[in-house]
Visitor: 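Encoded as structure tokens, here's the structure I'll be asking about.
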Amino acid sequence: MLTDLGNFKRTKYCGEVSLSDVGKTLNLAGWVHRKRHHGGVIFIDLRDREGIIQIVVEEKNNPEAYEIADKLKSEYVIGVVGRVRKRPEGTENPKLKTGYVELVADKILVFNVSEPLPFPVEEETPVSEETKLKYRFIDLRRENMKNNLIFRHRVYQITRNFFTEEGFIEIETPFLTKSTPEGARDFLVPSRLHPGKFYALPQSPQLFKQILMVAGFDKYFQIVKCFRDEDLRADRQPEFTQIDFEISFVREEDVMDIAEKLIAKLFKELLGIELKTPFERISYKEAMEKYGTDKPDRRFGLELIELTDIFENTEFKVFKAVIKNGGVVKAINFKNSNLSRKEIDELTKYVQSLGAKGLAWIKVEEGKLTSPIVKFFSEEETQKLLERTQAQPGDVILFSADKRETVYKILGNLRLHIGKKYGLIDENKWDIFWVVDFPLMEWDEEEERFVALHHPFTMPKEEDIPRLKEALETDDLDRKKELVHLVRARAYDMVLNGEEIGGGSIRIHRKDVQDIVFKLLGIEEKEAEEKFGFLLEALKYGAPPHGGLAFGLDRIVAIMLGLDSIRDVIAFPKTQRGICPLTNAPDYVETKQLKELHIKVVE
RNA sequence: GGAGCGGUAGUUCAGCCCGGUCAGAACGCCGGCCUGUCAAGCCGGAGGUCGCGGGUUCAAAUCCCGUCCGCUCCGCCA
């Protein structure tokens, strides 16, 4: 039954056959999507990339083709030569794009057979992630996955055209590069030619694009894979794609303007949505205080309310202790929720999973307050609290009192949890804005040193540089922290529906400033020389002022398509433990290979 | 490293609480019938190491312990 392609040549995609083809003879090729056998007449839904068309085979008119059609099974790969005709009246199928025509088979060629599929190409039944990834070639035949990848392709095209029109030059940077400290864990590649030495896969092309600026390519862009060996999430894969760009002789506004234009263009051309530019900007401080996160989802309320001042002199031991230790008291008011004890218990469990000791709450009811803690409050405190939270009967106020960062984390996540769980999020809204005025560095308790919030090449605000210098000079750690925390970065993040989709900064182009920053980050001169020497060297030879940004392409595509996981916009993604079920990577290698690489595995 | 949810037929699931006719459904698959269907229909059939290992018990899909895998989250991710 099987036949070679022979001189068969496809003349059209199945999905593109239309009324204008009626009467024509076409050669179609594709997969048997489904077969309906009526005894005497067989209908075959033939599927290719562009869609599905109905093939008709009648026994009395074409016994030869009928005999072959009879034997066809799902997902056999066939070619059909036939004549397009208008469907008989009353048999049209408006659900199909091609539903007003059908192809009367003249000849059927069977190019290949298929075993029964592990799961159907139809999407009615969901399939477990692992099965989908193991049989990704089947999964990608599905309408949604196929469309996702085509959508992604269009994002590439629009992006490339956009940057080209704006005068940017696309330049590739190496994947086999040098491991650098700071940031994520590197994937390492052993060097065969240099025993004991390793390349690292780039976490981003950051240093190379800066060097390209020094080289005079004043507008660079690239759609590029990046690699970070960290734990995975729904929006994080070990290898992911960035839209990366960098420009010389610019300030923040110039970079942000280009970034906005690209996003606005993608939304307009792909979704038909006009985003209002320039995008709104909020400060890091505002984001943290109101939402407890630097990437707030503002499509719903439930903002964090500051209460520390109200409880400054409280007798309530828990709050008192927290405030005395420099912590804060904040709350969210879940308006008109009438939460039951059971629901509050669930929320308590949730915050406990985040590391909270518990969840203090007040149920505001008609004429009374139900709460395990309100009895410890003074009359005045209760009054001010109700006023500040604008409490009404039906509301439930949920508290967090702890170190500032902890309160942000607890309430920020609780807010999001409630928003999702209780359907507060307006899914039809597109909330896009910038977060600006990030601190340059923050103190890392564990490592007992400052770490860069963005990366070590981010330019501090000019007016804050004296503070940096002073911080460098003082030996008083508390004073040092105080000074450093006041230093703001010339950095900006773009946030879309509560996800960070891009971030960038104006970079340090002066060696003296870079030296100060490295020193404060605890990177000694020798280390800086070893690890970033090539950049520092470049900065000596006429580095222009420059800045840029990188977008997370996978995230952008996923959000635009309304998907929760970037796995659904990546052809061959990894599972949460970094495994590819299709290829079974990572895997053991031959001892010989290890030997060549001068590597010995230690248990 | 930690928390939660899940793992039963090819697929998606029910059964698990309360151990004993609980090895079940739908779809798919195989065979047959059928000339206008399009999630075709009708009749018949095959198909399971209940993730894995151990324990408790007269008896375990069901209870307990451990472990592996998938997903979500915290930590981590400049």
Side-chain angles (χ1 to χ4, degrees), chain A residues 33-46 52-61 66 73-75 87-96 98-99 102 115-135 138 180-186 203-204 206-207 226-238 240 346 349-356 406 409-410 412-413 416-417 420 438 440-442 444 446 450-458 489 491 500 503-505 517 521 523 550 552 564-565 567 574-577 579 581:
Chain A
H33 188 65
R34 205 177 287 134
K35 193 176 89 175
R36 291 175 295 281
H37 200 312
H38 286 256
V41 62
I42 296 171
F43 299 102
I44 297 157
D45 286 343
L46 187 65
I52 289 173
I53 186 162
Q54 173 163 285
I55 311 290
V56 192
V57 193
E58 284 173 304
E59 187 173 20
K60 66 174 190 222
N61 295 333
Y66 183 85
K73 292 176 186 174
S74 280
E75 302 302 308
R87 286 203 191 186
E89 187 126 1
T91 66
E92 300 90 349
N93 182 359
K95 277 189 255 173
L96 274 184
T98 62
E102 58 192 8
E115 290 185 16
L117 261 35
F119 56 87
V121 172
E122 276 89 359
E123 286 164 326
E124 289 86 50
T125 45
V127 178
S128 77
E129 198 68 20
E130 199 184 3
T131 309
K132 280 169 63 165
L133 295 187
K134 182 169 177 193
Y135 300 99
I138 306 295
T180 52
E182 301 287 306
R185 204 173 285 118
D186 285 323
Q203 297 172 26
S204 80
Q206 181 61 34
L207 300 177
C226 303
F227 306 87
R228 294 178 190 176
D229 187 6
E230 297 292 346
D231 286 359
L232 277 52
R233 287 283 192 285
D235 63 348
R236 270 161 39 186
Q237 283 275 309
F240 60 99
E346 188 276 326
K349 269 195 189 143
Y350 175 72
V351 295
Q352 281 171 337
S353 80
L354 297 172
T406 309
K409 175 182 153 190
I410 302 292
N413 279 306
L416 210 53
H417 178 76
K420 282 180 189 157
F438 282 84
L440 186 71
M441 305 174 189
E442 59 186 7
D444 187 313
E446 235 162 75
F450 293 106
V451 292
L453 213 72
H454 188 55
H455 57 53
F457 319 106
T458 300
E500 183 200 325
S505 62
V517 170
L521 290 173
I523 302 171
D564 291 326
S565 169
R567 286 188 303 273
K574 312 263 187 297
T575 67
Q576 194 171 39
R577 294 197 62 248
I579 287 164

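Labels below follow one simple rule: chain letters A, B, ... track the order of the sequence lines, proteins then strands, and each chain is numbered from 1.
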Visitor: Base, sugar-phosphate alone, or nothing: which one does A:T458 contact when heavy atoms must sit under 4.0 Å apart?
Guide: nothing
Visitor: Once you round it to whole Å, what is the distance between P of B:U35 and CD of A:E102?
Guide: 17 Å
Visitor: Restricting to salt bridge (charged side-chain N to carboxylate O under 4.0 Å, His left out), what partner residues turn up for A:E129, sequence neighbours left out?
Guide: A:R567
Visitor: Taking atom C1' in both B:G47 and B:G4, what distance in whole Å separates the two?
Guide: 35 Å
Visitor: What is the distance, to the nearest angstrom, from the NZ atom on A:K574 to the P atom on B:C71?
Guide: 13 Å
Visitor: Using Watson-Crick or G-U wobble geometry with both distances under 3.5 Å, which nucleotide pairs with B:C16?
Guide: none
Visitor: Using OP1 and OP2 only, check whether a side-chain N or O of A:S353 sits under 4.0 Å from B:C73.
Guide: no
Visitor: For the side chain of A:K95, starting at C-beta, report the closest nucleotide among B:G70, B:G36, B:A39.
Guide: B:A39
Visitor: Which listed nucleotide (B:G70, B:U12, B:U37) is nearest to the side chain of A:E129?
Guide: B:G70
Visitor: Just compare B:U12, B:G10, B:U35 and give me whichever is closest to any side-chain atom of A:P118.
Guide: B:G10
Visitor: Among B:A40, B:G75, B:C38, which nucleotide has an atom closest to any side-chain atom of A:H38?
Guide: B:A40
Visitor: Please state how far atom CD1 in A:I42 lies from atom P in B:G41, giving the value in whole angstrom units.
Guide: 17 Å
Visitor: A:R228 has a side chain; which of B:C77, B:C73, B:A3 sits nearest to it?
Guide: B:C77
Visitor: Are the side chain of A:T98 and the backbone of A:I52 linked by a donor-acceptor contact shorter than 3.5 Å?
Guide: yes
Visitor: Parallel, tilted or perpendicular for A:Y350 and A:H417, by the 30°/60° rule?
Guide: parallel
Visitor: Would you indicate which nucleotide in B:C69, B:U12, B:G1 comes nearest to any side-chain atom of A:S128?
Guide: B:U12
Visitor: Rounded to whole Å, please give me the gap between CD in A:Q576 and P in B:C68.
Guide: 15 Å
Visitor: Check the distance between B:U37's C1' and A:L46's CG and give it to me in whole angstrom.
Guide: 16 Å
Visitor: Are more than 12 heavy atoms, taken from residues, nucleotides or ligands other than A:D444, located less than 6.0 Å from that residue's CG atom?
Guide: yes
Visitor: Okay, side chain of A:E442, backbone of A:L453: is any donor-acceptor separation there less than 3.5 Å?
Guide: no
Visitor: Using atom P in both nucleotides, what's the gap between B:A59 and B:G45 to the nearest angstrom?
Guide: 36 Å
Visitor: Checking base pairs now: Watson-Crick or wobble, both atom distances under 3.5 Å. What partners B:C22?
Guide: none
Visitor: Applying side chain to side chain donor-acceptor pair (under 3.5 Å), can you list everything that pairs with A:E102, at least two apart in sequence or on another chain?
Guide: A:Q54, A:R85
Visitor: Starting at atom CG of A:L453, determine the distance to atom C1' of B:C77, rounded to an integer number of angstrom.
Guide: 13 Å
Visitor: Test for a donor-acceptor pair under 3.5 Å between the base of B:C71 and the side chain of A:R567, counting only N and O atoms.
Guide: no
Visitor: Under a 3.5 Å limit for both distances, which nucleotide forms a Watson-Crick or G-U wobble pair with B:U37, could you say?
Guide: none
Visitor: So what's B:G53 paired with, Watson-Crick or G-U wobble, going by both distances under 3.5 Å?
Guide: B:C65
Visitor: Kindly say whether A:S128 contributes a backbone atom to a donor-acceptor pair with the side chain of A:E130 at under 3.5 angstrom?
Guide: no
Visitor: Under a 3.5 Å cut-off for both contacts, is B:G44 paired Watson-Crick or G-U wobble with anything, and if yes, with which nucleotide?
Guide: B:C30
Visitor: For the P atoms, the ones on B:C17 and on B:U62, what distance do you get once it is rounded to whole angstrom?
Guide: 9 Å
Visitor: Contact class for A:V127 vs. all strands (heavy atom < 4.0 Å): base, sugar-phosphate, or nothing?
Guide: sugar-phosphate
Visitor: Heavy atoms under 4.0 Å, any strand shown: does A:E115 hit a base, just sugar-phosphate, or nothing?
Guide: nothing
Visitor: Quick one: does A:R577 reach the base of B:C68 with a side-chain donor-acceptor pair under 3.5 Å?
Guide: no
Visitor: Distance between the C1' atoms of B:C74 and B:C13, in whole angstroms?
Guide: 31 Å
Visitor: Compare the ring of A:F119 with the six-membered ring in the base of B:U11 and state whether they stack (centres under 5.5 Å, planes under 30°).
Guide: no
Visitor: Count the heavy atoms of every other residue, nucleotide or ligand shown that sit under 6.0 Å from NZ of A:K134, and state whether that count exceeds 12.
Guide: no
Visitor: What nitrogen or oxygen pairs link the protein and nucleotides 28-32 of chain B at under 3.5 Å?
Guide:
unit_1, atom_1, unit_2, atom_2, d
B:C30, OP1, A:K73, NZ, 3.2

Visitor: In whole Å, what separates the P atom of B:A61 from that of B:C73?
Guide: 35 Å
Visitor: Counting side-chain heavy atoms from CB outward, which of B:A3, B:G36, B:G1 is closest to A:R87?
Guide: B:G36
Visitor: When only distance counts, do a donor and an acceptor, one from the side chain of A:H417 and one from the base of B:C73, lie under 3.5 Å apart?
Guide: no
Visitor: In this structure, how many angstroms lie between the C1' atom of B:G4 and the CZ atom of A:R233, rounded?
Guide: 13 Å
Visitor: Just wondering, do A:P238 and A:L232 contact through their side chains at under 4.5 Å, heavy atoms?
Guide: yes
Visitor: Considering Watson-Crick and G-U wobble pairs with both distances under 3.5 Å, what does B:A3 pair with?
Guide: B:U72
Visitor: On a plain distance test, is the side chain of A:R236 in donor-acceptor contact with the base of B:C77 below 3.5 Å?
Guide: yes
Visitor: What's the closest nucleotide to the A:K409 side chain, out of B:G36, B:G75, B:C69?
Guide: B:G75
Visitor: Using a 4.0 Å heavy-atom cut-off, does A:Q206 contact any base of the nucleic acid, only the sugar-phosphate backbone, or nothing at all?
Guide: base
Visitor: Can a donor-acceptor pair under 3.5 Å be found between the side-chain atoms of A:E124 and the base atoms of B:U12?
Guide: no
Visitor: I'd like to know if A:R36 reaches the base of B:U35 with its side chain such that a donor and an acceptor end up less than 3.5 angstrom apart.
Guide: no
Visitor: The side chain of A:E58 is closest to which nucleotide in this list: B:G36, B:C77, B:C38?
Guide: B:G36
Visitor: Can you tell me, in whole Å, how much space there is between the P of B:C64 and that of B:G7?
Guide: 15 Å
Visitor: Looking at B:C69, B:G36, B:A39, which one has an atom nearest to any side-chain atom of A:P88?
Guide: B:G36
Visitor: Which part of the nucleic acid does A:N413 contact within heavy-atom distance under 4.0 Å: base, sugar-phosphate only, or nothing?
Guide: sugar-phosphate
Visitor: For the pair made of CD in A:E230 and C1' in B:G75, what is the distance, rounded to whole Å?
Guide: 11 Å
Visitor: Look only at the side chain of A:R87 and the backbone of A:G99, and say whether a donor-acceptor pair between them is shorter than 3.5 Å.
Guide: yes
